[in-house]
Amino acid sequence: MIPTITAFECSPDRGRGLARDMRVRWALEEASQPYDVRLVSFDAMKEAAHLALHPFGQIPTYEDGDLVLFETGSIILHIAEQDASLLPKAAKPRARAITWMFAALNTVEPPILDLMTARIIENDKPWAQERLPLVMDRIRVRLAQLSARLGDAEWLEDAFSAGDLMMVSVLLRLRMSGLLDEYPNVAAYVARGEARPAYQRAFAAQLKVFTDRA
Ligand SMILES: N[C@@H](CCC(=O)N[C@@H](CS)C(=O)NCC(=O)O)C(=O)O
């Protein structure tokens, strides 16, 4: 059975690949798993039919028969569990790859999301400009730590895994900030992720949703 994911009918990022369906598409492409996409509007995401799939009224969701998942961490773990190129079969490398998925979502992504909140939602607040350097410094702490761990390695562990897929996806949200450029090995790591054919296919597919509407 071909799974169906949901994505924005009209993504606020105008197809730049920052909406979270992108990381799910990427995982599905890495796993050579065909998939269908159902586009949803902001209004539809808050209606009962979508809330039955996603209690928080967000995208993406993942449906495969009677299995319905939400949260990209869970969705990508589920996809990766069926594909050894995303999750090694051996127990210890597998556990390490999953650890990096959690690190990306729980430790690296929160300060990055905070920057987006500061720039977009809180931008008109009188204290916004004063707070911004604090938010950016918190990201720098994580990037410096990641940079130190990565060193000259190609990927976070011996081979590309769902951990890298999640980490690169999270870091890509920093591109416009210029922060990535302060850590050349992290910037190169992100570029390696983007250069993967599976990433490119996923990116093209989500961009087409936007260009088809234009
Ligand atoms: N933790 C969730 C976050 C999902 C999320 O924030 N989705 C965004 C799109 S990237 C969304 O649906 N935003 C619209 C809204 O929250 O109303 C995940 O990783 O799946």
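The figures here come from the full heavy-atom set of this structure, side chains too, leaving out hydrogens, waters and symmetry mates. Quick caveat, the model's predicted, so the values are computed rather than measured. Numbering of ligands and ligand atoms starts at 1, following listing order.
- Annotation: atom 16 (O) of ligand 1 to nearest protein heavy atom, Gln58 NE2, 3.0 Å.
- Heavy-atom neighbours of Glu130 CD from other residues, nucleotides or ligands within 6.0 Å: at or below the threshold of 12.
- Not less than 6.0 angstrom separates the ring centroid of Tyr62 from the ring centroid of Tyr35.
- Atom CZ of Arg201 is surrounded by more than 12 heavy atoms from other residues, nucleotides or ligands within 6.0 Å.
- In this comparison of Met45, Glu71, Glu109, the heavy atom closest to atom 18 (C) of ligand 1 sits on Glu71.
- Within a 6.0 Å radius of NZ in Lys46, other residues, nucleotides and ligands contribute more than 12 heavy atoms.
- At a 4.0 Å heavy-atom cut-off, ligand 1 does not touch Phe70 at all.
- When hydrogens are left out, the protein atom nearest atom 20 (O) of ligand 1 is Thr72 N, 3.0 Å; that is the closest non-hydrogen contact.
- Protein heavy atom nearest atom 7 (N) of ligand 1, with residue, atom name and distance: Ile59 O, 2.8 Å.
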- Go through the steps for Thr72 and Arg23 under the test side chain to side chain contact (heavy atoms under 4.5 Å, CB included), then give the verdict. CA-CA 8 Å; Thr72 52; Arg23 53 184 78 164; 3.3 Å; yes
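- Among all non-hydrogen protein atoms, the one lying nearest atom 13 (N) of ligand 1 is Phe8 CZ, 3.8 Å.
- The nearest heavy-atom contact from the protein to atom 17 (O) of ligand 1 is Lys46 NZ, 2.6 Å.
- Because its NZ or CZ atom is both nearer than 6.0 Å to the ring centre of Trp155 and within 45° of the ring axis, Arg196 counts as a cation-pi partner of that residue.
- For atom 5 (C) of ligand 1, the nearest protein heavy atom (residue, atom name, distance) is Arg20 NH1, 3.3 Å.
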